[in-house]
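Read the structure below first, then the notes.
Note that these values count all heavy atoms, side chains included, but never hydrogens, waters or copies made by symmetry. None of the values given here were measured: they were computed from a predicted structure. Each chain gets a letter, A, B and so on, in the order the sequences are listed, and its residues count up from 1.
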Amino acid sequence: MSNQPEAPEKGKDFVRQIIDKDLETGKYGDRVQTRFPPEPNGYLHIGHAKSICLNFGIAEDYNGRCNLRFDDTNPVKEDTEYVDSIKEDVHWLGFDWKENEFFASDYFERFYAVAELFIRAGKAYVDDLSAEEIREYRGTLKEPGKNSPYRDRTPEENLELFRKMRDGDFGDGERVLRAKIDMAAPNVVLRDPTLYRIKHADHHRTGDAWCIYPMYDFAHCLSDYFEGITHSICTLEFENNRPLYDWVLDALIECIGSGACGDDTTAVTGGGATPQERPYQYEFARLNISGTVLSKRKLIQLVQEGHVDGWDDPRMPTISGFRRRGYTPESIRDFCDRIGVAKADSMVDFALLEHCVRQDLNERAPRYLGVLHPVKLIIENYPEDQEDVFEMPLHPEDESVGTRKVPFCRELYIERADFMEDAPKKFFRMSVGREVRLRFAYYVTCTGFEKDAEGNITEIRATYDPATKGGWSDDGRKVKGTMHWVSARHAAKAEVRLYDRLFTEENPGNPGGDKTFLDCINPDSKEVRTECWVEPALADMQPGTHFQFERTGYFIADAKDHKPGDKLVFNRTATLRDSWAKIAKKG
RNA sequence: UGGGGUGUAGCCAAGCUGGUAAGGCAACGGGUUUUGGUCCCGUCAUUCGUGGGUUCAAGUCCUACCACCCCAGCCA
């Protein structure tokens, strides 16, 4: 530990640098409070994971708190199914909001109190203009808007109308409450933004208690304020809304300061030590990943139109999709650490995410043998009634993981791709006359093969060398190739689901031309193989277990369909890096 | 002349007080290896969107320009 004044720590993102400064100046004392504020109108995706890691990560780093707050101000879009999935996903990622679980809907009464306060202070008015008229009056990006004819109603009149709005005296869309700011503001967000709208709709938590609901710009900053948030971190598209965020809070603090809210200020004051201790908003670039879409609208469309098998389809970039695919929370958090936090729009290479899972799974996944595209291999000189049982390590770099027993007999299954009739020099696997190693078993030399009428190879034959038991030889003989295998007599049958990228384009969200993202869907993104043979040890594997099929890839026993001892179902998480594929491609 | 942002390698991204371009991914070589995996070692920006300027010295300061993103929901 040194006492030297530290320059901002190298590599710290700009948000943490801001927090460092605020801590230095004591802007909030030593308090650091963030929040993750999803709207419960869809499942969380990897883009949310970036925000979750940022907000909860900051709370951890600075010994602060991070609230989970549901931004549920629009009853027609929201549902409790989504709040349940969001909680599950945040927990799964490894974060805990403890008792700090909030809903914007819990503040409806307080929002309403602030609205009345603004009306009394002449900062808000009820407008009778229709939605269309409001749009016309707003002007355009380059031309100023004009005032609504209802803009100068008295506070008394506004208060009466607003109460009638709350009482349900008007139909949807007949009135709105607007902030009185500036219809000529160059930032259109400030041209008298809507604060409340009428929606006679049941809310997933408040039922029919309300028929007016606050808008995001009004509710979000107030929620932050009520909860004593210090740093309100959101994505870049909200940069335009920041002046409004500031306007609402400044207006409220001004009202409190002027005594406008009377003796009892508890309904409108914030969670800071003083009313002035208010949150500020900071924006970072949202995550984009190559080869997928991360927009809620598009994801919900994929689910509802049946292009995928639900929100947790292993091809989906949702948290639940990655979970079912076999990604670990550690790998996703590592990914979020590596991509950084900045303000430049960016598109992260999917290969980085894949690298993160591979790295994590390489360390922790036990190894097994499984043949996905089987062809029979007959060891001609191995007696029919003989068997071996080999004890194989579960992990090549970590003995402590232990071993498992793998039976061997005369008839085996090997991978079709491990045999070539006319093998090039660089092909190290099986071909007539060549000797290869069967992993941890024996050296075998291929003697021939058989084909059916269509020319498909139906059976491969070989002889084994009993002196190479265990898969090695001390006579200086070398084999270049090592192959995995499964004893036909002992193998368990399994269904293996091979997943590939869901889209064919690098940026399916913006494919160019007349194409939409749906036109970019990869028709071969899912291959279900029902005739796979795996070593017997996998028969009692529990759902959700990660493992590696040696030489093939990382897999997980499917959480929903895999039944130990009955139906075996494995999802491919990621392939292993395949340098042979590169060599073969080069020719 | 609407306003607000952003431009550092194929992809992310450090760089803050000007001193001679971190790191990761990808790619490409080589070594180790009973997984063509892992691991190890090496290569990969004479240049920071562009042009001017200030300075002994500019990715960092000034200036002009260019490109891209966001904003006209009673969505968030």
Please list, pair by pair, any protein nitrogen or oxygen found under 3.5 Å from a nitrogen or oxygen in nucleotides 27-31 of chain B.
from  : atom 1 : to     : atom 2 : distance (Å)
B:A27 : OP1    : A:K582 : NZ     : 3.2
B:C28 : OP2    : A:K582 : NZ     : 3.2
B:G29 : OP1    : A:K586 : NZ     : 3.0

Tabulate atom names and distances for all N/O pairs under 3.5 angstrom spanning the protein and nucleotides 40-45 of chain B.
none

Contact list (N/O, under 3.5 angstrom) for nucleotides 66-69 of chain B vs protein:
from  : atom 1 : to     : atom 2 : distance (Å)
B:C69 : O2'    : A:D345 : OD2    : 3.4

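Look at the C1' atom in both B:C28 and B:C75: the space between them is 48 Å, to the nearest Å. Distance noted for atom C1' between B:C70 and B:G52: 30 Å (whole Å). Nucleotides B:G42 and B:C25 have their P atoms positioned 14 Å apart, rounded to a whole Å. Comparing the C1' positions of B:U8 and B:A14 gives a spacing of 10 Å, expressed to the nearest Å.
The residue A:A344 sits close only to the backbone: its heavy atoms come under 4.0 Å of sugar-phosphate atoms, none of a base. A:T482 comes within contact range of the sugar-phosphate backbone alone, with a heavy-atom separation under 4.0 Å but no base atom that close. Within 4.0 Å (heavy atoms only), A:R437 reaches at least one base atom of the nucleic acid. Base contact: A:E397 has a heavy atom under 4.0 Å from a base atom. Among the protein residues, A:F238 comes within range of the nucleic acid bases, having at least one heavy atom under 4.0 Å from a base atom.
Between A:D61 and A:R16, at least one side-chain N (NZ, or NE/NH1/NH2) sits under 4.0 Å from a carboxylate O, which counts as a salt bridge. A salt bridge does not link A:D500 with A:R572: every distance from a Lys NZ or Arg NE/NH1/NH2 to an Asp or Glu carboxylate oxygen is 4.0 Å or more. Using a cutoff of 4.0 Å between basic side-chain nitrogens and carboxylate oxygens, A:D182 and A:R191 are not scored as salt-bridged. Using a 4.0 Å cut-off between charged side-chain N and carboxylate O, A:K199 and A:D172 make no salt bridge.
Contacts between residues 346-365 of chain A and RNA chain B, defined by a heavy-atom separation below 4.0 Å, involve A:S346, A:M347, A:V348, A:D349, A:A351, A:L352, A:H355, A:N362, listed by number.
Taking syn as a glycosidic angle within 90° of 0, B:G73 qualifies as syn.
Checked by atom type, the side-chain pair A:S130/A:E132 shows no donor-acceptor distance below 3.5 Å. Side-chain atoms of A:R35 and A:S232 include a donor-acceptor pair closer than 3.5 Å.
A donor-acceptor pair is defined here as one N or O able to donate and one able to accept, closer than 3.5 Å; no such pair exists between the side chain of A:K296 and the backbone of A:H45. Of the possible polar contacts, none joining the A:H355 side chain to the A:F335 backbone as a donor-acceptor pair under 3.5 Å is found.
Between A:K199 and B:C75 there is a side-chain polar atom (N or O) within less than 4.0 angstrom of OP1 or OP2. Side-chain N/O atoms of A:R429 include none lying less than 4.0 angstrom from OP1 or OP2 on B:G36. Taking 4.0 angstrom as the limit, A:R197 places a side-chain polar atom (N or O) nearer than this to OP1 or OP2 of B:A76. Phosphate contact (OP1/OP2 of B:G37, side-chain N/O of A:S579, threshold under 4.0 Å): present. Not one side-chain nitrogen or oxygen of A:R338 sits closer than 4.0 Å to the OP1 or OP2 atom of B:G23. Using a 4.0 Å cut-off, some side-chain N or O of A:R138 falls inside it from OP1 or OP2 of B:G73. OP1 or OP2 of B:G15 sits under 4.0 Å from a side-chain N or O of A:Q17. Contact between the side-chain N/O atoms of A:T194 and the OP1/OP2 oxygens of B:G73 is not found at any separation under 4.0 Å.
Ranking B:G5, B:G3, B:G37 by closeness to the A:R367 side chain, first place goes to B:G37. Each of B:C74, B:C12, B:G36 was ranked by its minimum atom distance to the side chain of A:I134; first place goes to B:C74. Of the candidates B:G3, B:U6, B:G37, the closest approach to any side-chain atom of A:L576 belongs to B:G37. Closest approach to the A:D71 side chain among B:G5, B:U35, B:A76 is made by B:A76 (side chain taken as heavy atoms from C-beta onward). Set against B:U6, B:C74, B:G2, the side chain of A:L141 has B:G2 as its closest nucleotide.
The ring pair (Phe, Tyr, Trp, His ring centres under 6.0 Å) test applied to A:W580 returns A:F427, not counting sequence neighbours. Residues meeting the salt bridge (Lys or Arg N to Asp or Glu O under 4.0 Å) test with A:R477, sequence neighbours left out: A:E435, A:D465, A:D475.
If A:A342 and A:D127 are placed on RNA chain B by their nearest nucleotide, the residue sitting closer to the 5' end is A:A342. Nearer the 5' end of RNA chain B, as judged by each residue's closest nucleotide, is the contact made by A:A285, out of A:A285 and A:E237.
Put simply, the residue from A:I414, A:L412, A:D418 that forms a side-chain contact (heavy atoms from CB on, under 4.5 Å) with A:H484 is A:D418.
Within 6.0 Å of the NZ atom in A:K343, the count of heavy atoms belonging to other residues, nucleotides or ligands exceeds 12.
If you check B:C44 for Watson-Crick or wobble pairing at under 3.5 angstrom, you find it has no partner at all.
Residue side chain A:W580 meets the stacking definition with respect to B:G36: its ring centre sits within less than 5.5 angstrom of the base's six-membered ring centre, and the planes differ by less than 30 degrees.
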